[in-house]
**Student:** 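So that we are looking at the same thing, I have put the structure below in structure tokens.
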Amino acid sequence: MLFNSVHFLFFLPLVVAMYYILPPKFRWILIFISSCYFYMCFVPKYILILFAIILIDYISGLTIEQVHDKKLKKFYLVFSIVSNVALLAFFKYFHFINENLEGVFKVFGATYTPTNLDIILPIGLSFHTFQSMAYTIEVYRGNQKAEKHLGYFANYVLFFPQMVAGPIEKYQTLGSELKKEIKFNYDNFSNGFRLILFGLFVKMAVADNIAPIVNEVYANPMEFHSLEVFAAIVLFSFQIYADFYGYSTIAIGAARLLGVHLIDNFKTPYLATSINDFWKRWHISLTSWFREYVYIPLGGSRLGNAKWVFNILVIFFISGLWHGASWTFVVWGLLHGAFYLFERLFNYLFKVKIKEGFSVLNLFLGIKTFVLVSFIWIFFRAESFEKAKDIIKAFLKNWHVPLNQLQINYALFFVLIIIITDVLLYKSRIDNWLHVKKPILRWSVYVLLLFLLMGMSGMDNLPFIYFQF
Amino acid sequence: MFKKVIYKSLLLLAVIALVNVIYVFTIYPADLKNISSCAYQCKNLPEGVDIVYFGESSNFTVDGNDSTQLYISELIQFYAPQYKMVTIDTPAVHAGIYKYWMKEMKLNLPKAIIVTMNLRSFDGAWIHSKLETPLIRSVRLLNNKPKIVNRFLLSLKNAEDLSIAERDSLLQKEWRTNRLKFPYQFKYNTVREWDNAMANGGWLKPDGSWDMDKITLAAHYIKAYAFNIDENNPRIKDFDEIVAWCKENGVQTYFNILAENVAKADSLVGKDLVFLMRNNRDYLVNRYSKMGVVVVDNLESAGINDFLDKNWTTEHYNYRGRIAIAKKVVSQLKIK
């Protein structure tokens with residue numbers, strides 16, 4: 001079920017109403033059923049994959065806790081990780097692996113005929129597997145007690161507001177949130193509403209008004225003037241941000257209506273002053289996951305500079321691959337890694353120290369970071385290297401192509417709004433920001449948001465980009 | 001606390017009402033023009049129009065070599081110059097869309113409307129066509145809800161915004177399960193059975209091999225015309241709604257049943273298919289004549305060579321076909 005669907009607008013209030021009517025001890029059943037229903041609205045049979053993940057990690061968690069032998073503990077942890085990764089590899093990377101094997105065989109003069117399987121990637125599989133793996137790792141590390149109630153554990157993996165595109169939560173936070181006996185609370189209700197309203201606005205009005213322009217240019221970049229290609233490159237930065245930020249905000253808002261607090265996934269990433277800063281603000285839950293479960297176990301920065309550089313590149317390599325089964329995503333990740341390392345080296349050599357807050361230097365650094373990130377997004381958005389090359393070529397060389405083919409006024413208007421809201425929300429979140437404002441200002445914002453959302457949203461009803469991961 | 005929620009919810013509804021007013025006076029006219037230009041045309045119909053002609057591609061498709069390039073509606077105007085006529089047309093539309101457009105004619109009502117009645121538009125292949133989702137979306141702004149709600153629904157995924165795969169599955173089901181009705185024993189119960197039989201025992205070439213082109217075309221004719229119209233057909237409900245609206249507003253109603261290539265259907269598939277085509281035509285003529293509509297029966301007005309598309313079922317005619325249809329419409333026009 002999409003958040004930007006009529007279906008969801010009926011589903012959510014119904015679930016919320018039933019949630020507070022039911023006695024707390026039965027609420028997990030409601031969350032379980034409604035989450036299954038939510039997921040089954042996409043491809044019903046794929047719920048079985050989720051059940052498999054739940055069972056594997058539920059049993060693994062219990063077993064890891066029960067056995068005392070360290071080797072056995074490790075064995076069950078590896079079993080859980082391998083099972084999750086294998087599921088992900090099969091559904092997400094099967095064709096990618098096959099294609100690459102074919103290429104490798106060709107290099108050595110051998111033939112390899114790829115097996116053609118009709119596989120559709122289950123929506124949000126990368127999110128479920130990562131969240132579920134986080135649980136077994138935490139149990140293995142002794143930071144989390146194994147959950148004995150299968151229903152609660154299932155809800156941790158299935159919780160519908162965040163099941164298909166995060167934020168990726170730890171059991172310590174989401175698990176305990178789902179177990180709380182929550183009474184109806186007006187603040188949860190009003191903040192949840194604010195977050196959902198703002199999230200829908202960001203997705204449907206901002207991202208969906210930008211998308212058609214970006215799609216048009218990326219479909220045939222060579223037909224557009226360099227300035228228009230430049231506009232599309234910049235606009236995609238805002239599209240992907242608004243799309244994912246909108247989703248995350250709705251997810252946090254929907255959970256909040258049920259009294260559940262989810263972690264923030266975005267903190268004004270385009271106001272970042274460096275690539276390092278950007279990753280502290282963009283898809284925060286995934287960055288934290290990689291830091292805790294890959295980077296630190298690899299040794300982090302503790303084992304010398306060479307190992308640290310290697311670890312950084314590994315993280316960005318995996319991050320790229322996590323996003324999509326294509327080398328363009330890997331290049332996207334590695335470019336982030338390369339620029340990250342370059343900036344760190346530059347700052348070290350020239351002893352640059354960046355202070356927080358507004359300054360001319362920070363403004364300059366912010367623009368520099370945005371330009372870099374926008375350039376790197378080309379590899380994320382382009383379906384192939386050829387397409388990415390075309391985009392860059394068209395941007396550099398198409399000054400002779402007639403201008404004025406794109407109508408971007410509408411999109412620029414929404415970009416301006418998102419920049420203003422980011423500046424306003426630099427140290428806050430929309431719900432908290434509105435909470436302390438006077439009612440007249442608060443309701444004026446509602447009127448504006450409702451008008452822009454209901455009267456000016458994009459009309460193509462586009463699914464969330466991150467659902468494909 | 002619940003009182004507070006109810007109070008705030010009511011306030012929110014008031015805000016939405018306010019937003020609706022702002023929308024109607026600011027963006028709505030541009031949205032209507034952009035999303036449903038035909039409805040916008042209806043809304044801004046000039047004064048003193050006698051007839052509005054509602055049509056699809058049958059109206060404006062011409063052959064470059066034709067001796068006259070006039071459309072059907074232009075030919076009607078040519079043969080009936082005493083009437084002031086306006087044409088509103090766009091490809092692939094049908095009564096389910098016309099009914100929304102005409103309801104926009106509020107300020108300046110015409111004396112009469114001529115509505116294209118395309119036999120194939122009653123068929124599953126058209127009802128479940130991939131064009132249906134964009135068509136439905138094109139009239140969503142005209143639904144009987146506050147305009148801001150309609151506009152919002154346009155941006156959300158709706159239940160009726162079916163994907164191509166979902167529509168195809170509905171069509172396949174219809175072909176598989178809808179039983180064909182004949183007043184005599186007929187060997188095939190469904191379109192699927194008839195289609196399979198044609199595919200497995202259809203036309204042969206003189207050299208004894210399967211004539212696949214002819215078999216494909218015959219199978220296509222079966223899929224396009226093998227159905228029985230009854231009152232459960234969604235198009236019937238649409239045409240009924242049009243009749244009711246016309247009566248309510250004192251607008252004379254003409255339904256123009258378009259010509260189909262009956263002779264080709266006969267030669268490719270046989271009398272049974274022709275029976276269904278004529279039977280459906282009779283049903284429409286009887287039903288709507290009883291309701292006071294002038295039903296112009298053009299089903300067999302065009303000859304086998306008057307169709308532009310020789311290898312497909314369309315209602316695209318050369319000048320002879322268009323003239324024949326226009327003349328028949330004009331012969332029945334009696335605008336009061």
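Only a predicted model underlies this, so the values are computations on that prediction, with no experimental measurement involved. Order of the sequence lines sets the chain letters (A, B, ...), proteins ahead of strands, with each chain counted from 1.
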**Student:** Which distance, rounded to the nearest 0.5 Å, do you find between the CG of B:Leu156 and the CE of A:Met454?
**Tutor:**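 That separation rounds to 8.5 Å.
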**Student:** Checking heavy atoms, do the side chain of B:Lys147, its backbone, both or neither come under 4.5 Å from chain A?
**Tutor:**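 B:Lys147 has no heavy atom closer than 4.5 Å to chain A.
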**Student:** By a 4.5 Å heavy-atom criterion (distance strictly below it), what part of A:Phe184 contacts chain B: side chain, backbone, both, or neither?
**Tutor:** both
**Student:** So for B:Arg140, is it side chain, backbone, both, or neither that comes closer than 4.5 Å to the heavy atoms of chain A?
**Tutor:** neither
**Student:** Under a 4.5 Å cut-off applied to non-hydrogen side-chain atoms, are B:Lys8 and A:Tyr186 in contact?
**Tutor:** yes
**Student:** Is there side-chain contact between B:Lys157 and A:Val6, with heavy atoms separated by less than 4.5 Å?
**Tutor:**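 Contact flag for B:Lys157/A:Val6 side chains = no.
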**Student:** Using a cut-off of under 4.5 Å on heavy-atom pairs, state which of B:Ile148, B:Asp31, B:Val15 scores highest against chain A.
**Tutor:** B:Ile148
**Student:** Side chain, backbone, both or neither: which part of A:Leu9 has a heavy atom under 4.5 Å from chain B?
**Tutor:** side chain
**Student:** With a 4.5 Å limit on heavy-atom distance, are the side chains of B:Asn158 and A:His7 in contact?
**Tutor:**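 The answer is no; the side chains never approach within 4.5 Å.
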**Student:** Pick one of side chain, backbone, both or neither for A:Asn4, based on which atoms fall under 4.5 Å of a heavy atom in chain B.
**Tutor:**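 The answer is both parts of A:Asn4.
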**Student:** B:Ile35 versus chain A, heavy atoms under 4.5 Å apart: side chain, backbone, both or neither?
**Tutor:**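 Contact with chain A: side chain only.
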**Student:** Between B:Ser155 and A:Met459, is there a donor-acceptor pair closer than 3.5 Å when you use the side chain of the first and the backbone of the second?
**Tutor:** no
**Student:** Taking the side chain as everything from C-beta on, heavy atoms only, tell me whether B:Leu12 gets closer than 4.5 Å to A:Leu450.
**Tutor:** yes
**Student:** Mark yes when over 12 heavy atoms from residues, nucleotides or ligands other than B:Lys173 sit less than 6.0 Å from its NZ; otherwise mark no.
**Tutor:** no
**Student:** Between B:Thr26 and A:Phe451, which heavy-atom pair has the shortest distance, and what is it?
**Tutor:** OG1-CZ, 3.8 Å
